[in-house]
2 protein chains.
Amino acid sequence: MDDGTASDGTVEEGFSGKRAAQICGITYRQLDYWARTDLVRPSLADAKGSGTRRRYSYRDLLELKVIKTLLDAGIKLESVRSAFHYLRENLGEDIVSAQLVISGTSAVLVRDGAELIDVVNRTRGQGVLNLLALDDVREELDDAIHLDPAPPDRSARAALGS
Amino acid sequence: MDDGTASDGTVEEGFSGKRAAQICGITYRQLDYWARTDLVRPSLADAKGSGTRRRYSYRDLLELKVIKTLLDAGIKLESVRSAFHYLRENLGEDIVSAQLVISGTSAVLVRDGAELIDVVNRTRGQGVLNLLALDDVREELDDAIHLDPAPPDRSARAALGS
DNA sequence: ACGTGAAACTACGGCGGTGTGATGATGACG
DNA sequence: CGTCATCATCACACCGCCGTAGTTTCACGT
């Protein structure tokens, strides 16, 4: 199932919906819901009716896993939505590089401790800060991909760049 | 309305439900819901049927305002519940003194920046941290009490200890 | 002491968001 | 061209409220 190779021998990149859900530790229903409510759409191939297949990229999985982590931490999906909206608009590939700091509907990336203290001080009176170490999430994701039920196939290795 | 004095001239301590909600910036329905579902019960006088009155203490208001701040930051009520459960069990009067750090269902208090960095580092891989400066909340609350629609009355001043 | 009016709580139905489960539809693969 | 994995759709459940109508009390004036 979903070995990543198509009938013509070409390599299908990325991950099927089912596998994406398994790897990220979310239910398939959640994945489906998020795709249909525009939170995370599969960037390689979106669904176009029954029988078609979604194809998620490695980066998609990363986002899914970050979201899952935020949800587990007790953050509202609504808040996650706006933070991601902001992140996608204001940052390129750097989404996974350091500490993610979410304050209400906006978000920032922070590299080191000093910067963190700085943000914390500047945010005095602005409410609450949510911190997440993104590189940890990446590590967990990579582990999960290798421990996966389906053996790591060419597409997974390709997506990982290893 | 609700000037804090009873007919016999005695001073009723604390704040009515309506005033508590106004001061803390939450709706009366929220206050009611939280009281019914055991999140924050008025410690001076709980409701015992229609016509009775809830009486909230200054400390209650503090908790309400902290909760309101957490909700505004996009934290799920469910998560707030368990954090407060934990806080009430593990800490006495110190709830309002420094930085509140919530990680999943547990919580910690942190005094200075170094301690904060420490916690952040120790929590690597444990998910998300939520930070809140409690003293700021207290300041806001005090301001709100003085700016209140109803003039600060004896009970409010008494509760403030000023 | 007592009627009165308004404040405050209660009950109940409903709504939007976030899913879940079952079942049906359909493209993809062999 | 049949089988099967995957997606679509629908109905339903739960949480966290909101609005409103109903009920009860209590302070106050007489």
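In the text below, chain A, chain B and the rest are named by the order of the sequence lines, each starting its count at 1.
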Quick one: B/Gln30 CD to C/dC9 C1', roughly how many Å, whole number? 17 Å
Lys/Arg N to Asp/Glu carboxylate O, B/Glu63 vs B/Arg88, below 4.0 Å: yes
Between CG of B/Asp38 and P of D/dC15 the distance, given in whole Å, is 15 Å
Side chain of A/Arg36 (C-beta onward), nearest among D/dG16, C/dT18, D/dT9: D/dT9
Does a side-chain N or O from B/Tyr33 land closer than 4.0 Å to OP1 or OP2 of D/dG16, or not? yes
Rounded to whole Å, please give me the gap between CD in B/Glu78 and P in D/dG16. 7 Å
Given D/dG16, D/dC7, C/dT20, the nucleotide with the shortest approach to the side chain of A/Thr27: C/dT20
Nearest-neighbour nucleotide for the A/Arg54 side chain, C/dT10, C/dT18, D/dC7 considered: D/dC7
Provide, to the nearest angstrom, the distance between the NZ atom belonging to B/Lys68 and the P atom belonging to D/dC17. 10 Å
If the cut-off is 4.0 Å, is A/Trp34 near the phosphate of C/dG19, judged by side-chain N/O to OP1 or OP2? yes
Are any of B/Ser16's side-chain N or O atoms less than 4.0 Å away from OP1 or OP2 of C/dA8? yes
Please name the pair of heavy atoms, one in B/Ala20 and one in B/Leu61, separated by the smallest distance, quoted to 0.1 Å. CB-CD2, 3.5 Å
In whole Å, I'd like the distance from the CZ atom of B/Arg55 to the P atom of D/dC26. 13 Å
Between A/Thr52 and B/Leu31, name the one whose nearest nucleotide on DNA chain C is closer to the 5' end. B/Leu31
Candidate pair B/Trp34 and B/Leu77, rule side-chain contact (heavy atoms from CB on, under 4.5 Å), full reasoning: CA-CA 10 Å; B/Trp34 296 352; B/Leu77 193 62; 3.9 Å; yes
Quick one: NZ on B/Lys65 to CD on B/Glu140, what's the gap to the nearest 0.5 Å? 5.0 Å
Could you state the CG-P distance from A/Asp32 to C/dT23, rounded to the nearest angstrom? 17 Å
How long is the line joining CG of B/Leu64 and C1' of D/dC17, in whole Å? 16 Å
Of the listed nucleotides D/dT6, D/dA8, C/dG19, the one nearest the side chain of A/Arg53: D/dT6
Which comes earlier along DNA chain D counting from the 5' end, the contact point of B/Arg81 or that of B/Gly51, where each point is its nearest nucleotide? B/Arg81
Check this for me: does any side-chain nitrogen of one of A/Arg138 and A/Asp142 sit under 4.0 Å from a carboxylate oxygen of the other? no
Using the side-chain heavy atoms of A/Ser50, tell me which of these nucleotides is nearest: C/dA8, D/dT24, D/dA8. D/dA8
DNA chain D: B/Gly49 or B/Arg29, which has the more 5' nearest nucleotide? B/Arg29
Quick check on C/dC9: is either OP1 or OP2 less than 4.0 Å from any side-chain nitrogen or oxygen of B/Tyr28? yes
How close or far is atom P of C/dG17 from atom CG of A/Leu71, stated in whole angstroms? 16 Å
